[in-house]
Amino acid sequence: MNTEKFAFRHIGIRQQDLNHMFQTIGVKDLNELIQETIPGEIQLKKSLELDNAISEAEFLNHLQALSRKNKVFKNYIGMGYHDSVTPSVIKRNILENPGWYTAYTPYQAEIAQGRLEALLNFQTMVTDLTGMELSNASLLDESTAAAEGMTMLHQLRSREQKKQNIHKFFVSENVLPQTLSLLTTRSKPVGIELVVGKPEDFDFSSDYFGAILQYPGKYGQVQDIGDFISEAQAKNIKVIVSADLLSLVLLTPPGELGADVVVGTTQRLGIPLGYGGPHAAYFATREAYKRHIPGRIIGVTVDMDNQPAMRMALQTREQHIKRDKATSNICTAQVLLAVMAGAYGVYHGPDGFRYIANEIHRKAKVLDAFLRDSGIEQENSLFFDTLKIRVDDINTIKKLAEDQEINLNYIDDNTISISLNEATTQKDLMQLAGCLSGSAEPVDLSAYNSVSENIFPDTLQRSSAFMEHEVFNSYHSETELMRYLKKLERKDLALNHSMIALGSCTMKLNAATEMLPLSTPEWGNIHPFAPVEQAAGYHEVLRKLEEDLTTITGFAATSLQPNSGAQGEYSGLMTIRAYHESRGDTHRNICIIPASAHGTNPASAVMAGMKVVVTKTDEHGNIDMVDLEEKVIANSANLAALMVTYPSTHGVFESSIRQITQLIHDHGGQVYMDGANMNAQVGLTHPAAIGADVCHLNLHKTFAIPHGGGGPGVGPICVADQLAPFLPGHPLVSTGGEKAITAISAAPWGSSLACLISYGYIKMLGEEGLTEATKIAILNANYIKNRLEAKYNILYTGERGRAAHEMIVDCRPFKQFGIEVTDIAKRLMDYGFHAPTVSFPVAGTMMIEPTESESLAELDRFCDAMLAIYGEIELAGQGIERYKQLLKNAPHTMGMISSDDWPYEYSRQEAAFPLPFVAENKFWPSVRRVDDAYGDRNLVCSCAPIEAYA
């Protein structure tokens, strides 16, 4: 037992388990299994050229040394990012807690009530502060949220506007530059024309369907946007307001001014800067637009006992249902960060928010008064936290600032802006005043402590109450918040309780050593627009991670900018689009996608301006080569791309993959490989070996970033030589290819802080450990397959009867007994397990993916549970009603089991403790089976007195 070997800790199977597993699946060793699973022609002939593995202790020392190369300055740059104060109780109990960060998206609501409540708190906080009616459960970043708002309003054009092809969208010149870049990226493929200008010069022409304003503006000026919104709406022009959420404590909320959509970031609500992310954006709108809002929405419903419960609402909006008709490809959120921001709201409450906002604003007024008395011109007449200053000698100020480790925002040779924040102290303010005066010495500002409370006119001053719900007014001591967070955590089943065998989700270990650095200020407190030399440690990590991912995929270059898998899909397709345009092939707009593909694939293709042609899959789950060839030939002149998942969404390595990719290339197309199943490839094959040109990777799957209950994710793209010049750039920081497309995410390197995790995963496993992990993932899947297939029908396998890293179990035959796949999913909760992926990619099935991190004992417990449930189904099928009742009533709560009333024919033990191992580590669902339809018919997406839901 080598205690220094991280692979030993990451991989759950022990050496002594292997012979039993080999005998079960009928192979002599791992190599024989791999030969029977992966087609020989795409297997790698030599090992990946990666660094040797290092131990966990060595990694922590290595990262600490790198962190010292980062320079943590006081940041007053602003531009959508601010130093914040993360309460220690939130850092310890959420950010550093596997009970929160290892959970999955709350599709199984009965075992996710804790984070559902936390997200409902987030939504309530956002709707209250913005004055809107409805909020989603977060988006990827502020700029993405703004772009999603634009495309939503484009979808919402009136019938007459669509008939007249109204496609102009006005952008205030005061929006953040990264937002303008994203709006540019998103607008071109779908035919939206951006017009940038001053709001006061806008003519409200009927040629426009929408507009976006920044409130306050990018350099801090607060403008009265009420008249603009009123006039726009009179002309049927819908308005997005990109707002600083904390400023809305003092400023009239956009909802009260008539805005249609309000977007922004919650980063300054206790979330570290992290060199750009991850952070939770918010998106609030009118209830009338509820079926068009992007992302996920948490809503209230009832369970089988008519008791209040929460679940994800209006899921029919999602891409796996609407596919190419979806209004967005966003299939995730930033749940962990939204939970933290919501907890920040719970901890501070409305009075705490008023104190924080007033203190920031007071300090800005103190500095403004000092500057005016000093004869220094401050241009913002109305401001919340940001001053725009004219200076004579910017070089002297810049040197003084840098010498004192201060970052300011240098707009041009004579103008700077300074954004104050929650972390700004009186001492910091005195230091700033000295710096702006041309002195290295702090200035005594005590004479300015009596500045007037209010500089806003009545039309801009908030008068409405907010965050009045009990949850925001109950947990203001650390003890109370700690207990509240623990109460929520206990309601959720995460990886710290049992295996989560979700197919296509790769719920592997998120090792503590990988996670620890996220809490340190040397990584957390770097502004994304700080001078790059201040982030030297970050750049070593990011550059090395790019190199390693490039090696692992066999490609030429990598971009880490996309901050979700869906963003990675879109980025990859946009590089293909740019490549064709560079060759004059602007007509190439056909994207061929298999019917089995994840729903984000067709949604991403449509967003990239492509037309989707669907190709069939055959009875074995493979791409139908005859149908594919027909469609490729029919669309040859206009073929842009094929999107393919490999191994397939059905969990099979298709032997014809090289033939498929060659066919696309022969007809002038590029091949995009969806990296969702990369956990079955690493070290054994790679996207370049199958003939792909670009792929995205899910670092939150294959490379160990935790799912966080539904985000964060990171979705970098890796590309072949011909696509490298088009990797995404950024308007404020040099990055991307020499012919870079405009930005995909708000920050230059997306969610940089989360990239530390994947960097550590690769460094500690090395080539040998990565390859071993892939082999064990495939072994574990085939072991489960062999244990279950005597009772359950396994839908698809490779030509030699093997699964890849996941398999699909067919539950449709049980319909004849009145048992649905949902009944099995809910019954698994009684055994202490989260259900596998339900009804994707085939309705009425379960897709199981165990990953390499699980032990043989855990695999056996899961199989025992599945086989026991099969036995219950079998007895139900024999007409024994109590077993059908047992399945239909699942899951069983503690309230049911402990009740004096037990009206069921089966026993309490059968309900709650069906196998001996369950009693040793019982997990209790906190609600009975939820009623999704009731919740969608009676949509409630924010906190209200709980009696209202009864």
Side-chain angles (χ1 to χ4, degrees), residues 147-148 150-151 154-155 167 182-193 294 319-320 322-331 562 564-616 623 627-628 630-645 649 660-661 663-676 692-696 715 717 719-720 722-723 726-728 739 741-742 744:
E148 291 288 332
M150 175 185 70
T151 53
H154 192 244
Q155 291 281 337
H167 60 267
L182 249 87
L183 291 170
T184 302
T185 305
R186 292 287 193 91
S187 61
K188 286 181 180 178
V190 294
I192 296 172
E193 181 185 345
Q319 300 77 18
H320 64 279
K322 297 193 78 172
R323 302 185 72 80
D324 57 319
K325 300 295 189 295
T327 54
S328 166
N329 75 339
I330 296 290
C331 70
S564 81
Q567 296 295 81
E569 291 178 21
Y570 179 67
S571 307
L573 291 172
M574 288 297 286
T575 61
I576 289 174
R577 175 188 168 92
Y579 166 75
H580 287 311
E581 286 178 348
S582 74
R583 293 158 56 88
D585 290 339
T586 54
H587 56 283
R588 289 194 174 270
N589 67 344
I590 298 295
C591 186
I592 296 178
I593 302 177
S596 61
H598 194 281
T600 54
N601 285 184
S604 297
V606 169
M607 285 173 58
M610 296 182 184
K611 294 179 181 177
V612 174
V613 173
V614 178
T615 188
K616 298 175 187 174
I623 292 173
D627 186 62
L628 176 65
E630 284 178 4
K631 284 170 177 166
V632 168
I633 291 169
N635 294 284
S636 179
N638 298 314
L639 182 62
L642 168 77
M643 295 187 83
V644 63
T645 303
T649 318
I660 289 168
T661 56
L663 177 66
I664 301 302
H665 291 147
D666 288 346
H667 290 267
Q670 295 284 285
V671 176
Y672 169 92
M673 194 204 84
D674 185 317
D693 301 287
V694 52
C695 75
H696 89 270
I717 56 169
V719 297
Q722 73 275 15
L723 299 181
F726 309 103
L727 288 174
K739 300 177 183 176
I741 60 172
T742 44
I744 294 295

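None of these values were measured; they are calculated from a predicted model.
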Can you tell me how far apart CG (Leu628) and CD1 (Ile633) are? Round to the nearest 0.5 Å. 9.5 Å

Keeping Glu569 on the side-chain end and Asn601 on the backbone end, is there a donor-acceptor pair under 3.5 Å? yes

Can you tell me how far NZ of Lys188 sits from CG of Leu183, rounded to the nearest 0.5 angstrom? 12.0 Å

On a heavy-atom basis, the closest approach of Ala640 and Ile576 is O-CG2, 3.7 Å

Non-hydrogen side-chain atoms of Leu573 and Met643 separated by less than 4.5 Å: yes

Interatomic spacing from CG in Leu642 to OG1 in Thr615 - rounded to 0.5 Å: 8.5 Å

Is there side-chain contact between His665 and Val671, with heavy atoms separated by less than 4.5 Å? yes

Does the Arg577 side chain pair with the main chain of Gly572, one donor and one acceptor, at a distance under 3.5 Å? no

OG1-NE2 distance between Thr649 and His598, expressed to the nearest 0.5 angstrom: 8.5 Å

Looking at His667 and Leu639, would you say the former's side chain and the latter's main chain have a donor-acceptor pair under 3.5 Å? no

Decide yes or no for Arg583 and Arg588: does some side-chain heavy atom of the first lie under 4.5 Å from some side-chain heavy atom of the second? no

Ignoring hydrogens and angles, state whether a donor on the side chain of His696 or Tyr672 is under 3.5 Å from an acceptor on the partner side chain. yes

If I compare all heavy atoms of Ile741 with all of Ser571, which pair ends up nearest, and what's the gap? CD1-O, 4.4 Å

Under the side-chain hydrogen bond (donor to acceptor under 3.5 Å, both in side chains) rule, collect the residues that match up with Thr742, sequence neighbours excluded. Thr185

In this structure, CG of Asn589 is separated from CG of Asn635 (nearest 0.5 Å) by 9.0 Å

Please tell me if the side chains of Val644 and Ile623 come closer than 4.5 Å, counting only heavy atoms from C-beta onward. yes

Interatomic distance, CG@Leu723 vs CE@Met574, rounded to 0.5 Å, equals 13.0 Å

For a quick test of reading the model, state the closest non-hydrogen atom pair linking Cys591 to Met610 and the distance between them. CB-SD, 3.8 Å

For Gln722, the side-chain contact (heavy atoms from CB on, under 4.5 Å) test, sequence neighbours excluded, returns Tyr579, Gln670, Asp693, Ala720

